[in-house]
Colleague: 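What follows is a structure written as structure tokens; I'll ask about it next.
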Amino acid sequence: MTIDLSQLITEGRNPASQHIDELSTESMLRVINDEDKKVALAVERIVPQIAQAVDAIVAAFAQGGRLIYSGAGTSGRLGILDASECPPTFGTPRGQVIGLIAGGHKAILQAVENAEDNREQGAQDLRDIQFSAKDVLVGIAASGRTPYVLGALAYARSAGAVTAALTCNPNSAMAQAADIALTPVVGPEVVTGSSRMKAGTAQKLVLNMLTTGAMIRSGKVYGNLMVDVEATNQKLVQRQINIVMQATECDADTASAALAACEGHCKTAILMVLTGLDAAAARARLSAHRGFIRPALQE
């Protein structure tokens, strides 16, 4: 099957970089940087749609659902990166945010030939994780036409789940197949067709917003502190102490003692310091307020 890429903005030639190979190193990098400046503005234009997706993800989490990313190549790897950072940053269960990539685990590190063209595998990978109507699927592909992702979107919609498509070409097949179209249009790349560049940066920004926004709305941030962070190394142990200190204005010894008493659970430690409750009582009050610190303090 012949694929016409000529209509895709992400495959167009960028007039600003047509002579980039003749420039000095610094001038070449300034061209790249000037193009990168356009990315955040493209994302800004779709903030209302991103908010719609965040609210759908929060609703899914509230009923025990999951956020699933489906992508190929760079897009798939970005989804996996975002998903993998959620447990240590926000203390989420390992399976709450999942990144799927065409070609499976091997494709994280190297290209797997023709994997992105397998529409049925996109659906099968969702079946393999028991995808259901409670979940949300975000399909990711700069082109907006990747068969693997289109297969996943079709399966997710048939299951009754909310779907979103993150692409960089307007009116794409993926956007039309999804409930929510997330389309930051960043224009042609500096190196023609190299969508790991501006398109990839735009996708990364949107994915950051989806999970960070959903986690804030789910009570995993207090002020701007990541109060569900898991202390999996020495740096994060110290970060927990700092978070308790910043949230309560206590000293390091008080923060460390509170964390030790509640087995290193930041939210519980914060509530203990601010209310004088012991660990068990603070944990119970947090549970009664679904893990949200502010309403627990107002009780």
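On a predicted model such as this, the values are computed, not experimentally measured, just so you know. Side chains included, hydrogens not; waters and symmetry mates left out as well; all remaining heavy atoms used.
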Colleague: Would the distance check show the side chain of Asp34 and the main-chain N or O of Val31 forming a donor-acceptor pair, the cut-off being under 3.5 Å?
Modeller: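 Not a single qualifying donor-acceptor pair exists.
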
Colleague: Quick one, Tyr222 and Arg294 - any side-chain contact, counting heavy atoms below 4.5 Å?
Modeller: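 Yes, close enough: below the 4.5 Å cut-off.
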
Colleague: Take a 6.0 Å sphere around CD of Gln234 and say whether it holds more than 12 heavy atoms from other residues, nucleotides or ligands.
Modeller: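 Not more than 12 within 6.0 Å, no.
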
Colleague: Donor-acceptor pairs under 3.5 Å, side chain of residues 268-284 to any protein atom, not counting sequence neighbours: which ones?
Modeller:
| from | atom 1 | to | atom 2 | distance (Å) |
| --- | --- | --- | --- | --- |
| Thr268 | OG1 | His265 | ND1 | 2.7 |
| Thr275 | OG1 | Leu271 | O | 2.5 |
| Thr275 | OG1 | Leu277 | N | 3.2 |
| Asp278 | OD1 | Ala280 | N | 3.3 |
| Asp278 | OD1 | Ala281 | N | 2.8 |

Colleague: Side chains of Ser195 and Thr74, heavy atoms from C-beta outward: is any pair under 4.5 Å?
Modeller: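 When only atoms from C-beta onward are counted, Thr74 and Ser195 do not touch, as no gap falls below 4.5 Å.
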
Colleague: Between Ser27 (side chain only) and Leu23 (backbone N and O only), is there a donor and an acceptor less than 3.5 Å apart?
Modeller: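 No, Ser27 side chain to Leu23 backbone: no donor-acceptor pair under 3.5 Å.
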
Colleague: To check you understand the geometry: which heavy-atom pair defines the closest contact between Val229 and Pro88, and what is its length?
Modeller: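 Minimum heavy-atom separation between Val229 and Pro88: CG2-O, 3.3 Å.
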
Colleague: As a quick check of understanding, evaluate side chain to side chain donor-acceptor pair (under 3.5 Å) for Asn169 and Ser172, giving each step before the final call.
Modeller: CA-CA 6 Å; Asn169 285 287; Ser172 67; over 6 Å; no

Colleague: Hydrophobic clustering (ILVMFWY, side-chain heavy atoms < 4.5 Å, transitive) - are Ile108 and Leu100 grouped together?
Modeller: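 Different clusters: Leu100 never reaches Ile108 through Ile, Leu, Val, Met, Phe, Trp or Tyr contacts under 4.5 Å.
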
Colleague: So, Asp36 and Lys198, do they make that salt bridge, N to O below 4.0 Å?
Modeller: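 The answer is no: the pair does not qualify as a salt bridge.
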
Colleague: Per the salt bridge (charged side-chain N to carboxylate O under 4.0 Å, His left out) rule, what does the pair list look like for residues 72-86, sequence neighbours excluded?
Modeller: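 Of all non-adjacent pairs touching residues 72-86, none passes salt bridge (charged side-chain N to carboxylate O under 4.0 Å, His left out).
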
Colleague: Counting only heavy atoms from other residues, nucleotides and ligands, does the tally under 6.0 Å from CZ of Arg196 exceed 12?
Modeller: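 For Arg196, atom CZ is not crowded (no more than 12 foreign heavy atoms under 6.0 Å).
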
Colleague: For Glu230, is there an ion pair with Arg94 - N to carboxylate O distance below 4.0 angstrom?
Modeller: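 Salt bridge: yes.
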
Colleague: Are the side chains of Arg145 and Pro147 in contact, using a 4.5 Å heavy-atom criterion?
Modeller: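 Of all side-chain heavy-atom pairs linking Arg145 with Pro147, at least one is under 4.5 Å.
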
Colleague: With side chain to side chain contact (heavy atoms under 4.5 Å, CB included) as the criterion, how do Asp228 and Cys266 come out once you've worked through the C-alpha distance, each side chain's angles and the decisive distance to 0.1 Å?
Modeller: CA-CA 6 Å; Asp228 266 329; Cys266 266; over 6 Å; no

Colleague: Do Gln49 and Ile46 come close enough that some side-chain heavy atom pair is under 4.5 Å?
Modeller: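 Yes, side chains in contact.
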
Colleague: What distance do Thr167 atom OG1 and Leu8 atom CG have between them, rounded to the nearest 0.5 Å?
Modeller: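 Answer for the OG1-CG pair, Thr167 versus Leu8, is 10.0 Å.
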
Colleague: Applying the 4.5 Å side-chain criterion to the ILVMFWY set and letting contacts propagate, would Ile68 and Phe90 be lumped into a single cluster?
Modeller: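 Different clusters: Ile68 never reaches Phe90 through Ile, Leu, Val, Met, Phe, Trp or Tyr contacts under 4.5 Å.
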
Colleague: Between Tyr148 and Ser70, which heavy-atom pair has the shortest distance, and what is it?
Modeller: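 That would be CE2-OG, 3.3 Å.
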
Colleague: Would you say Leu182 ends up clustered with Val185 if hydrophobic residues are merged whenever their side chains have heavy atoms under 4.5 Å apart, either directly or through other cluster members?
Modeller: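 Shared cluster, no.
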
Colleague: Less than 4.5 Å apart, any side-chain heavy atom of Leu67 and any of Gln96?
Modeller: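 Result no, sub-4.5 Å side-chain heavy-atom pair not found.
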
Colleague: Please report the C-alpha distance between Asp55 and Arg217 in whole Å, then the side-chain angles of each, then the deciding distance to 0.1 Å, and finally whether the salt bridge (Lys or Arg N to Asp or Glu O under 4.0 Å) criterion is met.
Modeller: CA-CA 8 Å; Asp55 288 342; Arg217 286 281 171 248; 5.1 Å; no

Colleague: Give a yes or no on whether the backbone of Met197 and the side-chain of Thr201 come within a donor-acceptor separation of less than 3.5 Å.
Modeller: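 Here the side-chain-to-backbone pair exists.
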
Colleague: Could you pull out the closest heavy-atom pair between Ala159 and Ala133, with the gap in Å?
Modeller: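 Closest pair (atom of Ala159, atom of Ala133, distance): O-CB, 3.2 Å.
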
Colleague: Counting only N and O atoms by type, is there a donor-acceptor contact under 3.5 Å from the side chain of Asp251 to the main-chain atoms of Thr254?
Modeller: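 Indeed, once roles are kept as given, a pair shorter than 3.5 Å links the two residues.
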
Colleague: Is the closest side-chain heavy-atom distance between Tyr69 and Leu166 below 4.5 Å?
Modeller: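 With C-beta onward as the side chain, the pair stays apart.
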
Colleague: Any chain of hydrophobic side-chain contacts (each under 4.5 Å) joining Tyr155 to Ile180?
Modeller: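 No; tracing contacts between hydrophobic side chains, which count when under 4.5 Å, never links both residues.
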
Colleague: Do Ser256 side-chain atoms and Asp253 backbone N/O form a donor-acceptor pair below 3.5 Å?
Modeller: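 No, Ser256 side chain to Asp253 backbone: no donor-acceptor pair under 3.5 Å.
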
Colleague: Check Ala175 against Ala181 and note the closest heavy-atom contact, atom names and distance.
Modeller: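 In terms of heavy atoms, the two residues are closest at CB-CB, 3.9 Å.
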
Colleague: Let's go through Met215 and Phe61 carefully: what are the C-alpha distance in whole Å and the side-chain angles of both, what is the deciding distance for side chain to side chain contact (heavy atoms under 4.5 Å, CB included) to 0.1 Å, and is it a yes or a no?
Modeller: CA-CA 9 Å; Met215 297 305 170; Phe61 287 168; 4.0 Å; yes

Colleague: Supply the atom-to-atom distance Thr146 OG1 to Asn118 CG, rounded to the nearest 0.5 angstrom.
Modeller: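 Result: 12.5 Å between the selected atoms.
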
Colleague: Looking at Glu249, I'd like to know if its CD atom is crowded, meaning that more than 12 non-hydrogen atoms belonging to other residues, nucleotides or ligands lie closer than 6.0 Å.
Modeller: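 Open: at most 12 neighbouring heavy atoms sit under 6.0 Å from CD of Glu249.
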
Colleague: Would you name the heavy atoms of Pro188 and Gly12 that are closest together and state the gap between them?
Modeller: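 In terms of heavy atoms, the two residues are closest at CB-O, 3.3 Å.
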
Colleague: Could you see if Val136 belongs to whatever hydrophobic cluster contains Val206? Use Ile, Leu, Val, Met, Phe, Trp, Tyr and a side-chain cutoff under 4.5 Å.
Modeller: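 Cluster IDs for Val136 and Val206 match.
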
Colleague: Evaluate the criterion side chain to side chain contact (heavy atoms under 4.5 Å, CB included) for residue pair Arg239 and Leu236; output intermediate values, then yes/no.
Modeller: CA-CA 5 Å; Arg239 180 173 291 167; Leu236 295 179; 3.6 Å; yes

Colleague: Between Asn14 and Gln18, do the side chains contain an N or O donor and an N or O acceptor separated by less than 3.5 Å?
Modeller: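 Their side chains do not contain a donor-acceptor pair, so the 3.5 Å distance test is not met.
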
Colleague: Would the distance check show the side chain of Thr163 and the main-chain N or O of Ala178 forming a donor-acceptor pair, the cut-off being under 3.5 Å?
Modeller: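 No; judged by distance alone, with no hydrogens or angles, the pair does not exist.
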
Colleague: Nearest 0.5 Å, what's the CD1-NE2 distance between Ile101 and His105?
Modeller: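 Spacing of CD1 (Ile101) from NE2 (His105) equals 10.0 Å.
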
Colleague: For a quick check under 3.5 Å, do Asn242 and Gln238 share a side-chain donor-acceptor pair by atom type?
Modeller: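 Yes, because at least one side-chain N or O of Asn242 sits under 3.5 Å from a partner of the opposite role on Gln238.
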
Colleague: Taking atom CG of Leu225 and atom NZ of Lys220, what is their separation to the nearest 0.5 Å?
Modeller: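 Going from CG on Leu225 over to NZ on Lys220, the span is 15.0 Å.
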
Colleague: Quick one: pull up CG in Asn33 and NZ in Lys38 and give me the separation to the nearest 0.5 Å.
Modeller: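 If I round to the nearest 0.5 Å, the distance is 11.5 Å.
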
Colleague: Please evaluate residues Arg66 and Val97 with respect to the criterion side chain to side chain contact (heavy atoms under 4.5 Å, CB included), reporting the C-alpha separation (whole Å), side-chain torsions for both, the decisive distance (0.1 Å), and the verdict.
Modeller: CA-CA 6 Å; Arg66 301 167 294 176; Val97 184; over 6 Å; no

Colleague: Taking the side chain as every heavy atom from C-beta outward, state whether Pro184 and Cys168 have any pair of such atoms under 4.5 Å apart.
Modeller: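 Answer yes - side chains close enough.
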
Colleague: Compare every heavy atom of Phe131 with every heavy atom of Leu137, then report the nearest pair and how far apart it is.
Modeller: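 Closest approach of Leu137 to Phe131: CB-CZ, 3.9 Å.
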
Colleague: With the side chain counted from C-beta on, respond yes when Val221 and Val227 share a heavy-atom pair under 4.5 Å apart, and no when they do not.
Modeller: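 A side-chain contact under 4.5 Å is absent here.
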
Colleague: Would you say the side chains of Gln203 and Ser75 form a donor-acceptor pair under 3.5 Å?
Modeller: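 Ser75 and Gln203 do have a side-chain donor-acceptor pair below 3.5 Å.
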
Colleague: Starting at CD1 of Ile243, measure out to CE of Met245 and round the result to the nearest 0.5 Å.
Modeller: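 The CD1 atom of Ile243 sits 12.0 Å away from the CE atom of Met245.
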
